[in-house]
Amino acid sequence: MPELPEVETVRQGLRPVLEGARLERVEQRRPDLRFAFPDGFVQRLTGARIEALDRRAKYLLAHLDRGDVLVMHLGMTGRFEIEGGAVAKRPGEFVYAPSADPKHAHVVFETDGGARVTYFDPRRFGFMGLVGADALATHPWFAGMGPEPLGPGFNAKMLAQAFAGRRQPVKAMLLDQRVVAGLGNIYVCEALHRAGVSPERPAGEVSKAKVALLVTAVRDVLAEAIEAGGSTLRDYAAADGALGYFQHRFRAYGREQEPCPKDGCRGVIRRIVQSGRSSFFCAECQR
DNA sequence: CCCACGACCTGTGGGC
DNA sequence: TGCCCACAGGTCGTGG
């Protein structure tokens, strides 16, 4: 999936066509993605106006004028394409060529601004739901969710507290959305490399100083990735079709057997598997 | 509580 | 070229 920076990039790409727009037509082309669509999904959206398009962790939140929130998660391979509307370069010119892959086009939104926004998701790990705005915080998707990593709630004090006494590897703790919400495999690997912390280190054994470095590393890598428009992985492009470039700045992720890029380090990036997922790190400078 | 593992689902890339 | 396996950004549930 898109991790937080990619979801944020998608949000920024969709805002000009969705914020303030009324949904004139909604097409739901299958009964489910990862989960079934809610009853009356199309009917509850058709005619509604999107007042704001927000993000919480890796979720997109479209606040509707009817009091519902359209909640969208992109899973691993979810993406949007925009045609027409405010971002069209010229009348009739598509910003993003119509997809050659219609079989994975699962949801289509058409706005009163003339834009068509199509959701594609080959693996269908993504999902969409409608939640009452007043019930968002207590909804199972959000209740117990940790702080935003770029917000004030994520800091050395709270992270040290979360790590205290835990023998779980620090990598697993950072992937746990209850600890901090929005990190995924790539940016955790990157943050651990920047902070010089081994992904295998038991969380409770990470020193206070390293915890502080981790907080800074997480914030920095996410901010830089957002600035670069996210990372273009195999299935992902920004919502407006632009390609993110941050993947070229990965220091550890996907760089198995390459020399460690840290200044003065002579190590080599290794790949190990932790709970079924690849971790890339340098055993020389990450302890 | 911890952790490993499988499930969900499809596509792609590498090795042979 | 073809086939098979490993692997892919996330989340959820089970069982030891």
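Sequence lines set the chain letters: A, B, ... in the order given, protein chains first and strands last, and positions in each chain run from 1. Side chains included, hydrogens not; waters and symmetry mates left out as well; all remaining heavy atoms used.
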d([atom1], [X]; [atom2], [N]) in whole Å:
X	N	atom1	atom2	answer
A/F142	C/dG10	CZ	P	16 Å
A/K103	B/dT10	NZ	P	8 Å
A/R178	B/dC3	CZ	C1'	12 Å
A/D176	B/dC2	CG	C1'	12 Å
A/W141	C/dG13	CH2	P	12 Å
A/L33	B/dA7	CG	P	22 Å
A/D121	B/dT10	CG	P	10 Å
A/R123	C/dG10	CZ	P	10 Å

Inter-nucleotide [atom1] distance ([N], [M]), Å rounded:
N	M	atom1	result
B/dG6	C/dC5	P	16 Å
C/dA6	B/dC5	P	15 Å
B/dC1	C/dG10	C1'	22 Å

Say whether [X] and [Y], considering side chains only, have a donor N or O and an acceptor N or O under 3.5 Å apart.
X	Y	answer
A/E6	A/Y187	yes
A/S231	A/Y245	no
A/S278	A/R271	yes
A/D121	A/H104	no

Pairing partner of C/dC5 (Watson-Crick or G-U wobble, both distances under 3.5 Å):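 Its partner is B/dG13.
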
Counter-base of B/dG6, judged by Watson-Crick or G-U geometry with both distances under 3.5 Å: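 Across any shown strand, B/dG6 pairs with C/dC12.
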
Closest nucleotide among [options] to the [X] side chain:
X	options	answer
A/S275	C/dA8, B/dA4, C/dT11	B/dA4
A/R167	B/dC3, C/dT11, B/dC1	B/dC3
A/F35	B/dA4, C/dC12, B/dG11	C/dC12
A/S278	B/dA4, C/dC7, B/dG11	C/dC7
A/Q177	C/dT11, B/dG11, C/dC12	C/dT11

Contact under 4.0 Å: A/H73 side-chain N or O vs C/dT11 OP1/OP2: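 Yes, within the criterion.
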
Short side-chain N/O contact from A/R277 to OP1 or OP2 of B/dA4, under 4.0 Å: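 The answer is no; no side-chain N or O of A/R277 sits under 4.0 Å from OP1 or OP2.
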
Flag, side chain of A/Q274 to backbone of A/P199, donor-acceptor distance under 3.5 Å: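 Such a contact is found between A/Q274 side chain and A/P199 backbone.
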
Sugar-phosphate only, base, or nothing, as touched by A/G184 at under 4.0 Å among non-hydrogen atoms: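 Counting heavy atoms under 4.0 Å across all strands, the contact made by A/G184 is with sugar-phosphate only.
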
Sugar-phosphate only, base, or nothing, as touched by A/R124 at under 4.0 Å among non-hydrogen atoms: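 Since only primed, P, OP1 and OP2 atoms lie under 4.0 Å of A/R124, the category is sugar-phosphate.
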
Candidate pair A/R25 and A/F109, rule side-chain contact (heavy atoms from CB on, under 4.5 Å), full reasoning: CA-CA 6 Å; A/R25 183 174 156 274; A/F109 304 102; over 6 Å; no

Centroid under 5.5 Å and tilt under 30°, A/F125 to C/dT11: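 Stacking between A/F125 and C/dT11: absent.
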
5′-ward residue of the pair A/H104/A/A172 relative to DNA chain B: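 Closer to the 5' end of DNA chain B: A/A172.
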
